[in-house]
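Notes for the one structure printed next.
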Amino acid sequence: MENVRRHLQQQIVRKTVCQVEVRLPRLVRTPADAAEFGRRLEGGTIQAIGRRGKYLLIWIPPHLLVSHLRMEGQYRLCSREAPELPHTHVVFRFTDGTELRYRDVRQFGTMDLIPVPTAGPGLDWVLTACQSEAPFAAPPDELALPPGLRNLGPEPFDPQVTARVLRQRFAGRTAPVKALLLDQTVVAGLGNIYADEALFQAGLHPAWPAGHVSVRQAASLLAAVRDVLERAIAAGGSSVKTFVDGYGRHGGFQWELAVYGRSGLPCPRCASPIEKLRVAGRGTHVCPRCQPWPRRLAQAGRTVRRRRNNPGGAGMQSEGLR
DNA sequence: CATGGGTCCTGAGTGC
DNA sequence: TGCACTCAGGACCCAT
């Protein structure tokens with residue numbers, strides 16, 4: 001998402017919308033009437049592109065367009081004549097003859113168009129959120145943000161987030177630590193791939209009860225989360241299946257994945273075969289040696305079910321790795 | 001409140 | 001070849 005934001009920042013800021021075509025109204029959550037969504041955008045000029053967690057923020061006064069791509073949403077800036085790819089659900093036409101096309105095979109993405117006051121805390125929050133590296137600030141009530149964005153936790157790079165703070169957020173929780181990493185109200189921005197990679201890098205088992213994570217473990221986990229995200233951004237994102245950035249380019253981080261989608265393949269650190277489990281309802285990849293299950297808990301009974309190896313669809317095969 | 005499971009959706013893969 | 005079935009996952013909804 002950070003790569004998408006950066007590319008859109010270069011591509012569509014200062015463009016003026018002249019027409020909007022919504023072909024799959026279900027993607028537009030607010031306003032309820034998708035035609036109204038288009039009408040409100042027409043005539044507006046895009047001022048800035050921000051990001052909070054996995055939410056893309058497009059500031060087009062007097063509105064904020066909150067866009068979530070889920071797994072497979074894609075934005076592409078095209079000339080009006082360029083042939084259209086299938087699964088194009090929303091088209092934003094600009095006065096300069098270009099258009100921004102939103103594609104989404106799975107149709108899971110969402111768009112919310114939120115009114116932004118011309119002054120006051122609502123505007124201030126939007127301005128701050130559209131600056132990269134802005135520290136965490138709770139949005140004011142006057143902004144009618146979608147609940148997922150309203151309740152979003154801090155960015156992992158926020159200096160306010162320390163190992164101690166992270167452990168505090170884990171305290172008293174019995175859910176697996178991976179479930180809390182994926183919980184966007186705890187920390188913003190981690191999905192299944194980066195959660196698995198960070199846990200591996202921290203040497204922490206995903207099913208470890210979050211409340212049992214020590215300050216020391218929280219510190220290595222936070223460092224791992226930051227390192228994984230930094231490397232993924234530098235590589236242009238992870239194109240495990242279909243991800244492309246605003247120029248249609250694939251990312252490169254899938255070649256650096258240590259465990260995700262690599263069940264049965266050797267751990268890059270110790271060469272043990274990577275195992276695939278189900279934790280927090282998601283496919284979960286671990287190195288059984290680098291991420292040992294705590295002995296004390298093993299006796300209390302396993303809650304982790306083993307799954308058969310590499311059912312095929314999930315991700316990278318050995319081709320090209322290493 | 002915390003937790004876990006079902007749901008949305010389509011395409012790719014698998015097995016018979 | 002064709003068809004039924006499973007799987008992938010982010011956020012949301014719901015039952016316990």
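Treat the numbers as computed from the prediction; the structure is a model and nothing was measured. Labels below follow one simple rule: chain letters A, B, ... track the order of the sequence lines, proteins then strands, and each chain is numbered from 1.
Between L182(A) atom CG and dA11(C) atom C1' the separation is 11 Å, expressed in whole Å. Summarising the geometry, the separation between CG on D104(A) and P on dA8(C) is reported as 19 Å, rounded to the nearest angstrom. In this structure, the CG atom of L85(A) is 14 Å from the P atom of dG11(B), given to the nearest Å. In this structure, L69(A) places its CG atom 11 Å from P of dA11(C), rounding to the nearest Å. Rounded to whole angstrom, the span from the CD1 atom of I193(A) across to the P atom of dA8(C) amounts to 13 Å. Atom CG of L145(A) and atom P of dA11(C) are 15 Å apart (whole Å). Whole-Å rounding puts the D112(A) CG to dA11(C) C1' distance at 12 Å.
By the 4.5 Å side-chain criterion applied to Ile, Leu, Val, Met, Phe, Trp and Tyr, V91(A) is assigned to no cluster and stands alone. Other members of the hydrophobic cluster containing Y55(A), listed by chain and number, are L57(A), W59(A), L64(A), V66(A), I114(A), V116(A), L123(A), W125(A), V126(A), L127(A), L143(A), L145(A), L149(A), L152(A); membership follows side-chain contacts under 4.5 Å among ILVMFWY residues, whether direct or relayed.
Atom-to-atom distance recorded for E99(A):CD and L77(A):CG is 8.5 Å, nearest 0.5 angstrom.
In this structure R269(A) satisfies the salt bridge (Lys or Arg N to Asp or Glu O under 4.0 Å) test with no other residue, sequence neighbours excluded. Residues passing the side-chain contact (heavy atoms from CB on, under 4.5 Å) test with E2(A) are R5(A), R6(A), R51(A), I233(A), sequence neighbours excluded. For the side-chain contact (heavy atoms from CB on, under 4.5 Å) test, residues two or more places apart in sequence or in another chain that qualify with A219(A) are A163(A). Every residue meeting the salt bridge (Lys or Arg N to Asp or Glu O under 4.0 Å) condition with K15(A), not counting sequence neighbours, appears here in chain and number order: D96(A). Not counting sequence neighbours, E142(A) has no partner by the salt bridge (Lys or Arg N to Asp or Glu O under 4.0 Å) test. Here Y102(A) pairs with Y75(A) under the ring-ring contact (aromatic ring centres under 6.0 Å, His included) rule; sequence neighbours left out. Applying the ring-ring contact (aromatic ring centres under 6.0 Å, His included) criterion to F170(A), with sequence neighbours excluded, gives no partner residue.
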Polar atom pairs (N or O), protein with nucleotides 6-9 of chain B, under 3.5 Å:
| residue | atom | partner | partner atom | Å |
| --- | --- | --- | --- | --- |
| dC9(B) | O2 | R106(A) | NE | 2.9 |

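If you check the side chains of T16(A) and T45(A), you find a donor sitting under 3.5 Å from an acceptor.
Contacts of G281(A) with the nucleic acid, taken as non-hydrogen atoms under 4.0 Å apart, are absent.
Nearest nucleotide to the side chain of M71(A), out of dG10(C), dA8(C), dC12(C): dG10(C).
Across residues 166-180 of chain A, R173(A), T174(A), A175(A), P176(A) each have a non-hydrogen atom less than 4.0 Å from an atom of DNA chain B (numbered order).
Taking five base pairs at each end of the helix from dA2(B)-dT16(C) to dC16(B)-dG2(C) and finding the rotation axis that steps the C1' atoms of four pairs onto the next four gives two axes whose angle is 50°, to the nearest 10°.
Under 4.0 angstrom from either OP1 or OP2 of dA11(C) there lies at least one side-chain N or O belonging to Q184(A). At the phosphate of dG10(C), neither OP1 nor OP2 sits under 4.0 Å from any side-chain N or O atom of H68(A).
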